[in-house]
Amino acid sequence: MKFCPNCGEQVDGDTRFCTHCGYDLSQAAETENGQPATSQAPIEQPAGQPDNQAASTDRVAQLQSLSKNYFKWLVDSIKRPNEEVEAQKYFGLVSMLISALLLTFAIVAAINRFIKQASEATNNTVTMKSLSFGLDFKLFILVVIGILFYVIIGFGASALGNKDGGVNFFDYVNRFGHLTNVAMILNVILILSVYTITFTSGTSLTFIKQLGFTSMVLIAISLIWQVGYILSINQSLHAPRFDKFYVIVLALIVLALAFYIFGRVEWENLALDFSSEFSQSNSGLGSLF
């Protein structure tokens with residue numbers, strides 16, 4: 001019977017990675033005299049099973065274990081966001097990436113839905129195409145940059161606000177992700193709500209009602225991120241240089257300035273990209289409004 005030295009769970013004797021925590025079991029394979037396990041006689045492989053196949057099996061087992069652990073961490077964070085639990089190094093970054101993908105999908109879906117309905121309203125007399133992959137990818141990058149503002153500025157405020165500076169970047173990202181993972185559910189609701197909007201509705205009241213619900217979901221997502229931003233900094237300040245209140249206020253001011261400057265710089269470029277994307281159909285859009 002073999003147990004993982006990292007988490008204590010029982011593992012198979014022939015696996016290289018722990019299927020519960022992903023720990024590399026070859027690191028612990030040492031003799032009582034401290035000699036590496038490589039000095040021992042190699043274990044014979046079954047006939048017809050090459051070494052690379054065994055390594056591939058171990059990698060698959062490790063990936064399955066990490067996926068299982070991430071899903072458990074994600075569910076726990078949604079149930080109890082403020083109760084921080086231990087997580088793998090990159091779990092927070094994975095959550096940030098998933099959030100960026102979901103939010104980008106919602107934005108692209110809204111734009112493409114508008115394009116489709118506008119084209120139908122003109123009886124296809126105006127040629128309008130969905131967003132190109134290049135513009136989709138740029139929107140995704142912009143969303144990622146926005147998320148990085150939260151992460152980098154929050155981590156910087158936590159590190160500079162501590163007397164000893166003892167804040168680990170990945171621990172902070174996991175903490176921030178644990179507090180904001182619940183927004184993923186709202187991101188899915190946001191995507192679904194986009195498909196309920198009728199941009200060419202006959203009455204403006206109908207359009208406002210449909211847009212109102214989507215706007216409320218978007219505001220709720222923003223509030224969750226703001227609260228997570230504040231709490232992640234607060235929980236990271238174990239030995240603050242000065243009162244936590246001022247550290248958080250300073251972090252909020254820097255975050256607002258970062259978004260303001262980024263918006264001023266990127267807005268014109270994004271407008272030019274959209275103008276170029278729809279240069280052949282802009283002449284027919286005026287009749288819709």
Side-chain angles (χ1 to χ4, degrees), residues 5-8 21-24 27 66 69-103 141-187 219-266:
N6 184 50
C7 65
C21 68
Y23 182 75
D24 188 350
Q27 297 179 359
L66 290 174
N69 290 340
Y70 172 77
F71 183 75
K72 182 179 183 303
W73 176 76
L74 177 63
V75 172
D76 290 341
S77 68
I78 293 175
K79 290 180 178 178
R80 296 174 293 274
N82 200 42
E83 294 183 12
E84 187 178 349
V85 296
E86 186 177 355
Q88 296 288 334
K89 188 176 183 180
Y90 299 107
F91 280 4
L93 291 177
V94 171
S95 288
M96 300 297 104
L97 181 61
I98 294 175
S99 296
L101 288 170
L102 291 174
L103 187 55
I141 295 299
L142 293 178
V143 173
V144 170
I145 292 175
I147 292 177
L148 287 178
F149 282 160
Y150 278 97
V151 173
I152 294 176
I153 296 174
F155 168 72
S158 302
L160 295 176
N162 269 314
K163 292 180 180 179
D164 55 3
V167 181
N168 180 273
F169 175 76
F170 292 104
D171 289 342
Y172 175 81
V173 177
N174 284 343
R175 181 176 299 118
F176 182 72
H178 198 274
L179 289 163
T180 57
N181 279 338
V182 66
M184 288 186 189
I185 298 177
L186 293 180
N187 281 329
I219 292 173
I221 294 173
S222 177
L223 288 175
I224 289 175
W225 276 73
Q226 293 294 332
V227 172
Y229 181 69
I230 293 172
L231 290 179
S232 62
I233 296 174
N234 179 69
Q235 295 176 5
S236 300
L237 295 173
H238 305 296
R241 296 179 185 274
F242 43 91
D243 195 273
K244 291 183 178 181
F245 174 83
Y246 295 108
V247 176
I248 294 173
V249 169
L250 180 61
L252 288 172
I253 292 174
V254 173
L255 180 67
L257 286 174
F259 273 110
Y260 173 75
I261 296 173
F262 180 70
R264 288 291 299 270
V265 171
E266 191 57 38

Distance, nearest 0.5 Å, that separates [atom1] of [X] from [atom2] of [Y]:
| X | Y | atom1 | atom2 | answer |
| --- | --- | --- | --- | --- |
| Asn168 | Arg175 | CG | CZ | 9.0 Å |
| Leu186 | Thr180 | CG | OG1 | 11.5 Å |
| Ile145 | Ile152 | CD1 | CD1 | 10.0 Å |
| Asp76 | Asn181 | CG | CG | 10.5 Å |
| Ser77 | Asn82 | OG | CG | 12.0 Å |
| Met184 | Ile98 | CE | CD1 | 4.5 Å |

Legend entry - Main-chain N/O of Gln88 paired to Asn174 side chain as donor or acceptor, under 3.5 Å: yes
Inset, instruction - Taking the side chain as every heavy atom from C-beta outward, state whether Asn69 and Phe91 have any pair of such atoms under 4.5 Å apart. - result: yes
Inset, instruction - Using a 4.5 Å cut-off on heavy atoms from C-beta on, say whether the side chain of Trp73 contacts that of Ser95. - result: yes
Legend entry - Single hit among Val85, Val173, Leu74, Leu231 for side chain to side chain contact (heavy atoms under 4.5 Å, CB included) with His178: Val85
Might you point out which heavy atoms bring [X] and [Y] nearest each other, and give the distance in Å?
| X | Y | value |
| --- | --- | --- |
| Leu237 | Ala157 | CD2-O, 4.2 Å |
| Leu93 | Phe170 | CD1-CE2, 3.7 Å |
| Ser236 | Asn162 | O-ND2, 2.8 Å |
| Val144 | Ala100 | CG2-CB, 3.8 Å |

Side-chain polar contacts of residues 223-230 - donor-acceptor pairs under 3.5 angstrom, sequence neighbours left out - could you list them?
unit_1: Gln226; atom_1: NE2; unit_2: Tyr150; atom_2: OH; d: 2.8
unit_1: Tyr229; atom_1: OH; unit_2: Ala251; atom_2: O; d: 2.9

Inset, instruction - For the pair Tyr172 and Phe176, name the ring-plane relationship: parallel under 30°, tilted 30 to 60°, perpendicular over 60°. - result: parallel
Inset, instruction - Flag yes if more than 12 heavy atoms outside Phe262 fall under 6.0 Å of its CZ atom; otherwise flag no. - result: yes
Inset, instruction - Any salt bridge (Lys or Arg N to Asp or Glu O under 4.0 Å) involving residues 224-245? Give me the pairs, sequence neighbours left out, ordered by first then second residue. - result: none
